[in-house]
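Heads up: the structure comes next, in structure tokens.
Heavy atoms only: backbone and side chains are in, while hydrogens, waters and symmetry mates are out. Throughout, a chain's letter reflects where its sequence line sits, starting with A, and its residues are numbered from 1. Every value quoted in this text rests on a predicted model; they were computed, and no experiment measured them.
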Number of protein chains: 2
Amino acid sequence: MPTQRHGPRSRRERPAKPALTRPGIIATAVELMRAEGLERVTMRRLAAELDTGPASLYVYVRNTAELHAAVLDGMLGAVDLTPVTATGDWQDRLVQVLVSYTKLLFDNPGLAQSALVARPSGPGYLNLLEAVLALLNEGAVPDGRAAWLCDVLLQFATATAAEQATRDHNTEAEQEMDALVAAIRNASAETHPRIATLGDDLVSGPGSDRLDWGFRLLINGAIHTPRPIEQNR
Amino acid sequence: MPTQRHGPRSRRERPAKPALTRPGIIATAVELMRAEGLERVTMRRLAAELDTGPASLYVYVRNTAELHAAVLDGMLGAVDLTPVTATGDWQDRLVQVLVSYTKLLFDNPGLAQSALVARPSGPGYLNLLEAVLALLNEGAVPDGRAAWLCDVLLQFATATAAEQATRDHNTEAEQEMDALVAAIRNASAETHPRIATLGDDLVSGPGSDRLDWGFRLLINGAIHTPRPIEQNR
DNA sequence: ACCTGAACACCGTTCAAGT
DNA sequence: ACCTGAACACCGTTCAAGT
């Protein structure tokens, strides 16, 4: 067996180029997103990080949307699920879990948006789903409603984060928000009496109050709203 | 008054190149979106349609997100607001308006997604907002809650459309849905007992039933959930 | 003030060809 | 089966220069 020749290192930064694997690719993508934000997690940028060409990634990843969904699932491990087994009011604990999920999305602008398009289906998402369902079960929410409600709860959290996320790190979106505020203030009392009456209240309030109220509204709503054909199973 | 000279047409397709104006640009963008979908409403594509270069558009439009918001606002005129002044249960009529809005977004994949990022603030949006607020007022929902609720209602409609829209015209998203369904079916009863129990119910049901239930849940929820510090005004 | 050409700095995805 | 180079067909946005 001939000894393998050890040439001088051609790459100083990445001395050993690891073989491509799906978990490895996604781990690198998560790193990249933490370092530079989701908007930099592109096929080309990621391929460069892995010392290869973009075409190579298509063996392991269907497309960019699927890649982003996998990245999100990888981050969902950071959601605090301890309230599930803690003591106290089940609604309060459910809100805690949901707030933790929402905060994660808040801190990672862009992730929330991609979550609305391509839902993750990995272990991170399943654990979060199970946690929400466990708390709804503890609260004796009928199974049929619980199944649909958990979807609405996570969707509300995701959509809220998607809206806020883009408004935070993005000057343009801020200006659009200002445009909406201005439009509401300028609304004529004759053509838009309700908007004129409510005024700033329409766009006011600290985000966390609105978020908390929203979660409690959803839970209360489900308790008071039977499904079209209620299956109690 | 000198007669205007009629030179030979230099451009057969677009005999008169109209001056650029913001309303004109947005009208062309709406046309383009109806013809080819929002994903084709790019600065470059739109500029080509207007016989100019992309740079010219930046005098009238801040960026692509703002353009898309303006397109959406232009389409909101098609939402059926007649239930506002009709007779019958106010909740049913509110749901009718919201379903009309949702359907509009359903038919125009991509528009919903952009609505979550850059909210419109034009006449179309204000009219829709006023309609929802008028019905909530008719239902005697306290002002403070109505102000926040209308946001949640429209957000729910928008997010639902954004999810479904991408799933419809997009084969990739379908496969991701399948991945989620498969993941839920394969969930172990030991690690994920609630998911295993509820099973297909988590992803089941005709979309319109879930949508209707969601709207009614939100309305009921608001009726039963005071704001953190309720201002009754 | 408005409009433009040209450039800068990127994208996703496919495919034939190699190993 | 996996990996690659190269290509195809696009993007958004800026800026100096013109009118």
If I compare all heavy atoms of [X] with all of [Y], which pair ends up nearest, and what's the gap?
X: A:Leu202; Y: B:Cys150; answer: CD2-SG, 3.8 Å
X: A:Leu20; Y: A:Tyr60; answer: O-OH, 3.2 Å
X: A:Ser100; Y: A:Ala78; answer: OG-O, 4.5 Å

To the nearest angstrom, how far is [X] atom [atom1] from [N] atom [atom2]?
X: B:Arg22; N: C:dC2; atom1: CZ; atom2: P; value: 14 Å
X: B:Tyr58; N: C:dC3; atom1: OH; atom2: P; value: 16 Å
X: B:Leu50; N: C:dT4; atom1: CG; atom2: P; value: 10 Å
X: A:Asp51; N: D:dT4; atom1: CG; atom2: P; value: 9 Å
X: B:Leu57; N: D:dT13; atom1: CG; atom2: C1'; value: 12 Å

For this session: Would you check, one step at a time, whether the test salt bridge (Lys or Arg N to Asp or Glu O under 4.0 Å) holds for B:Asp151 with B:Arg119?
Result: CA-CA 11 Å; B:Asp151 227 50; B:Arg119 284 217 219 161; 3.3 Å; yes
Could you pull out the protein-nucleic contacts involving nucleotides 5-11 of chain C (nitrogen or oxygen on both sides, under 3.5 Å)?
| unit_1 | atom_1 | unit_2 | atom_2 | d |
| --- | --- | --- | --- | --- |
| C:dC11 | OP1 | A:Thr42 | OG1 | 3.2 |

Exercise. Where each pair must be Watson-Crick or G-U wobble with both distances under 3.5 Å, what dot-bracket representation of DNA chain C is obtained, with crossing pairs in [ ] and other-strand partners as |?
Worked result: ||.|||||...|||||.||
Problem set entry | C1' gap between C:dT14 and D:dC3, integer Å | 14 Å
Problem set entry | P spacing across the pair D:dC8 / C:dA9, given as an integer number of angstrom | 23 Å
For this session: Ignoring hydrogens and angles, tell me if any N or O in the side chain of A:His68 forms a donor-acceptor pair with the backbone of A:Gly110 under 3.5 Å.
Result: no
Exercise. Under 3.5 Å, is there a donor-acceptor pair between the side chain of A:Thr28 and the main chain of A:Gly24?
Worked result: yes
Problem set entry | Validation row: A:Pro54, A:Arg45 side chains within 4.5 angstrom (heavy atoms) | no
For this session: Taking the side chain as every heavy atom from C-beta outward, state whether B:Leu38 and B:Leu72 have any atom pair closer than 4.5 Å.
Result: no
